[in-house]
Amino acid sequence: MSKGIISKDEDYSQWFNDLVIKADLAEYSPVRGCMIIKPYGYSIWEKMQAALDKMFKDTGHSNAYFPLLIPKSFFSKEASHVEGFAKECAVVTHYRLKNDGEGQIIVDEEAKLEEELIIRPTSETIIWNTYRGWIQSYRDLPILVNQWANVMRWEMRTRLFLRTSEFLWQEGHTAHATAEEAIAETEQMLEVYADFVENWMSVPVVKGRKTANERFAGALDTYCIEALMQDGKALQAGTSHFLGQNFAKAFDVKFTSKEGKLDYVWATSWGVSTRLMGALIMTHSDDAGLVLPPKLAPIQVVAVPIYKHDEELENIRTYIKGLSAELRAKGISIKFDDRDTQRPGFKFAEYELKGVPLRIAIGSRDMQNGTVELARRDTKTKETVNQEGLADHIEQLLEQIQKNIYDKAFNFRAENTVEVNDYEEFKRLLDEKPGFISAHWDGTPETEQRIKEETKATIRCIPLNNKQEDGKCILTGKPSTQRVLFARAY
RNA sequence: CGGGAUGUAGCGUAGCCCGGUAUCGCGCCACAUUUGGGAUGUGGAGGCCGCAGGUUCGAAUCCUGCCAUCCCGACCA
C-alpha cells in the first residue's frame, strides 16, 4: 500500500478520495462542492479533450461558445426541462458590491438585476434560443455544433470528479430536418463515446437506452454508456439525447422544407464530463495508486537514473537522450527524472502513485551490460532488457498495457454481471456481490420506482441489440420480452 | 435538507474530562554521509489551537452562538 492511501478493500470511497489528492489530480477548493483540478489531473483531461475533439470534428462537428449566463425566463419555456434542473440552479441576482463603511464588502441592493440570470446547468435553452435566428430553411440544416465549457449544478452532495457543483464537459447540440436524421446523429455520437471510452480509456461499457424515469429532462430518448466500477457500482459515462421537437417548439425554431412546408426542427444533445476522470481512476487503479492507460497518460515512460558520480549520470543522460529521440519519433512521451534531490526508491513510489505506465531504471551496471530495467505499472512486473531495440519494445509494451487493463476491466465486469430471475436473489446479490444484474422487468415506471425504493438499484439501461426472450418481471411476475440491466449507481 | 463525525504548523495527530501559553510523526530549511524500492545523522524554522462572544487573575481546555469541511441518506452527469 502506498503512503497515505487507504486500501480500497477497506474503504472504497476513502481510497478514491485519497488517490485523487495524493496523485495530485485535484484538491478541494474554498467553495463547497467545487474542486481545483491540478496540472497533473488537468493534463489527463486535456488528452481526453484532444482525442474527443478530433472524433467530433471527424464526424463533421464544429466548436462554438455560448454564454455562461442564461436569462431565467428561458428555463420556463420547456416544461420538463425546468422541472429537471430548477432545484439545482445557481442564480445571479446582483451585479455590484459595495463597502458597508465598516470594512465589509456587501452586495449592493441597488444593483439588483431586472431579470435574474442562471449559471448554466446545461445549454439547451440558450442554444435553441440562438438557433431560432440561424435556421430558416432546410438549406441551413443540419447544424452540428459542440462546445467545451463549464456548467454548474448545485448538487446536494458532491464527490471529487464524480459529482462536483461545477464541472467541465463538452455538450454537442445539433439541429436536423428530420427525426430519422436526428436519431441517427444521437446513435452516432453514442458510438463515438463508446469508442473513446473503450479504446482510449480502456474502460468497457454497455451501450443502451434509458427508461422513461431516467431520461434527460426534455428528451424523447436518452442513449447512454454504462461502466462498472471496482466496487460493483455502475457509472454513467456518457449520454446522447434525442430531443425530438421539444426545444424547437419551446423556442419556436421552424424551417421551410424542400417541399415548402413549415415544420419544427429536430434536435439532439450529447455530453461527457470530467466525471470520465472518475471512471478512469476507479476502473483501473489499485492500492499503490493510479493506473493510467498509455494513450491518456501525461507521461508514458519515465526514466530514473541510478548513479554515484556525475560522469555516470552524464553517460546515462547521453543514452536517454538518444532513446528519447527514438521514442518521440514514435509519438511516445518520456520523462528523464534526473532530480538529485530525491532518491530512486522515492521516485519509483511516486511514479507508481501517478500511474506512469512504464518505468525505466538505469544505472552503471546496466550501462556496462547494455541493458535497462523495465517495470510495468499495470502488472507491477520488472524485466531486464537489452538497450538494443528498446524503443520498439516499449512501443509494443504500451500497446499491451492499453489492452491488458481493458481486458482486466472487461473480465471484472463479466464476473460481476449475472442474470437473475428471482427478487430475493436480486436483493441478496446487490448486498453480497454488487455488480450488473440482468433481469426481466414489466416495463412500467411504477415497478422500476418500487425496485429503486426497496433496493436502491436502478435500471442503468436497456442494452442495445438486446436479446429478445420471454420472461417474468422479477418484482410483479408480469410478462416481459427482454432483460434490462440493474445496478446501484454513482 | 435529515443523520453522523471532525476542525490544533503544509499534512496527520496528542493535550480537553481535571484551566497555567502546545506533544509526537511526516514534510520543510542547512550541512555531512548516502543513491538498484519511499535514506541516515546533527542542527534549525514554522502556531490568529475554525470564528465570535462569555466565565476566569489566566482558556486549545469550561459555557453560548456561529462557520466550515468530510462521511452516510434523499437528489443527480
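No hydrogens, no waters, no symmetry mates; every other heavy atom, side chains included, goes into these values. Lettering follows sequence order; numbering is per chain, from 1. Quantities reported herein were computed from a predicted structural model and do not represent experimental measurements.
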**Item:** Mutual orientation of the aromatic rings belonging to Phe486(A) and Phe426(A) [parallel < 30°, tilted 30-60°, perpendicular > 60°]
**Value:** perpendicular

**Request:** Please tell me which of Ala237(A) and Arg159(A) maps to the more 5' nucleotide of RNA chain B, matching each residue to the nucleotide holding its nearest heavy atom.
**Result:** Arg159(A)

**Message:** Using whole Å, what does the distance between atom P of nucleotide U6(B) and atom CD of Gln14(A) come to?
**Reply:** 15 Å

**Prompt:** With a 4.0 Å cut-off on heavy atoms, is Gln236(A) in touch with a base, just the backbone sugar-phosphate, or nothing at all?
**Reply:** sugar-phosphate

**Request:** Check if the side chain of Lys382(A) and the base of G37(B) share a donor-acceptor pair of N or O atoms closer than 3.5 Å.
**Result:** yes

**Asked** Hey, does Thr371(A) reach any base, or is it just sugar-phosphate, or nothing, if we go heavy atoms under 4.0 Å?
**Response** nothing

**Item:** Between Gln188(A) and Thr59(A), a side-chain donor and acceptor under 3.5 Å
**Value:** no

**Asked** U8(B) and U13(B): how far apart are their C1' atoms, nearest whole angstrom?
**Response** 9 Å

**Prompt:** For the side chain of Ala349(A), counting heavy atoms from C-beta on, which of U34(B), C76(B), G37(B) is nearest?
**Reply:** G37(B)

**Message:** Listing request: all ring-ring contact (aromatic ring centres under 6.0 Å, His included) pairs with a residue in residues 269-297 of chain A, at least two apart in sequence or in separate chains.
**Reply:** Phe56(A)-Trp270(A), His61(A)-Trp270(A)

**Request:** To the nearest Å, give me how far apart NZ (Lys210(A)) and P (C76(B)) are.
**Result:** 11 Å

**Item:** Donor/acceptor link under 3.5 angstrom from Arg359(A) side chain onto base of G37(B)
**Value:** yes

**Request:** Specify whether Trp169(A) and Phe167(A) have parallel, tilted or perpendicular ring planes, treating 30° as the upper limit for parallel and 60° as the lower limit for perpendicular.
**Result:** perpendicular

**Complete:** The residue among Gln236(A), Glu214(A), Arg215(A), His241(A) that forms side-chain hydrogen bond (donor to acceptor under 3.5 Å, both in side chains) with Thr222(A) is His241(A)

**Asked** Is Thr239(A) touching bases, backbone alone, or none of the nucleic acid, heavy atoms closer than 4.0 Å?
**Response** nothing

**Asked** Which nucleotide in the set G36(B), G37(B), G38(B) lies at the smallest distance from any side-chain heavy atom of Phe346(A)?
**Response** G38(B)

**Spacing of Asp340(A) atom CG relative to C31(B) atom P, expressed in whole Å** = 12 Å

**Asked** Looking only at atom P, what distance separates A60(B) and A9(B), rounded to whole Å?
**Response** 14 Å

**Asked** With a 4.0 Å cut-off on heavy atoms, is Ser13(A) in touch with a base, just the backbone sugar-phosphate, or nothing at all?
**Response** sugar-phosphate

**Prompt:** Given A39(B), C75(B), G38(B), which nucleotide is nearest the side-chain atoms of Arg343(A)?
**Reply:** A39(B)

**Asked** Could you give the CG-to-C1' distance, from Asn213(A) to C75(B), as a whole number of Å?
**Response** 14 Å

**Prompt:** Without hydrogens or angle criteria, can the side chains of Thr371(A) and Glu373(A) be said to hold a donor-acceptor pair below 3.5 Å?
**Reply:** no

**Identified side-chain hydrogen bond (donor to acceptor under 3.5 Å, both in side chains) partner of Arg450(A) from the options Glu454(A), Glu453(A), Glu448(A)** = Glu454(A)

**Asked** How long is the line joining CD of Glu373(A) and P of G37(B), in whole Å?
**Response** 8 Å

**Prompt:** Which value, in whole Å, describes the distance between the C1' atoms of nucleotides C26(B) and G38(B)?
**Reply:** 12 Å

**Message:** By nearest atom, which of the nucleotides G37(B), A74(B), G36(B) is closest to the Ile306(A) side chain?
**Reply:** G36(B)

**Prompt:** For the pair made of CD1 in Ile362(A) and P in G37(B), what is the distance, rounded to whole Å?
**Reply:** 16 Å

**Asked** Starting at the 5' end of RNA chain B, what dot-bracket string do you get if Watson-Crick and G-U pairs under 3.5 Å are bracketed, crossing pairs use [ ], other-strand pairs use | and unpaired bases use dots?
**Response** (((((((..(((.......[...))).((((((.....)))))).....(((((..]....))))))))))))....

**Prompt:** Under 4.0 Å: is that the gap between some side-chain N or O of Arg153(A) and OP1 or OP2 of C76(B)?
**Reply:** no

**Request:** Provide the distance between the two P atoms, one in C66(B) and one in C76(B), to the nearest whole Å.
**Result:** 31 Å

**Request:** Taking atom P in both A22(B) and C16(B), compute the distance separating them and give it to the nearest angstrom.
**Result:** 16 Å

**Asked** When only distance counts, do a donor and an acceptor, one from the side chain of Gln342(A) and one from the base of G38(B), lie under 3.5 Å apart?
**Response** no

**Item:** Rounded C1' spacing from C17(B) to G2(B) in Å
**Value:** 31 Å

**Complete:** With sequence neighbours left out, the residues meeting salt bridge (Lys or Arg N to Asp or Glu O under 4.0 Å) with Lys87(A) are none

**Message:** Quick test of your reading of the model: are Glu226(A) and Lys210(A) salt-bridged, counting only N-O distances below 4.0 Å?
**Reply:** yes

**Message:** Between C49(B) and U35(B), how many Å separate the two C1' atoms, rounded to a whole number?
**Reply:** 40 Å

**Asked** Picking from U35(B), C76(B), C70(B), which would you name as closest to the side chain of Tyr28(A)?
**Response** C70(B)

**Message:** Expressed as a whole number of angstroms, how long is the span from Asn17(A):CG to C71(B):P?
**Reply:** 5 Å

**Message:** salt bridge (Lys or Arg N to Asp or Glu O under 4.0 Å) for Glu171(A) and Arg120(A)? Distances and angles first, verdict last.
**Reply:** CA-CA 12 Å; Glu171(A) 45 181 329; Arg120(A) 63 181 165 216; 5.1 Å; no

**Request:** Could you please name the option among G37(B), C76(B), G38(B) that lies closest to any side-chain atom of Lys452(A)?
**Result:** C76(B)

**Prompt:** Does Lys456(A) or Gly345(A) map to a spot on RNA chain B nearer the 5' end, using the closest nucleotide for each?
**Reply:** Gly345(A)

**Asked** Between Lys308(A) (NZ) and U34(B) (P), how many Å, whole number?
**Response** 10 Å

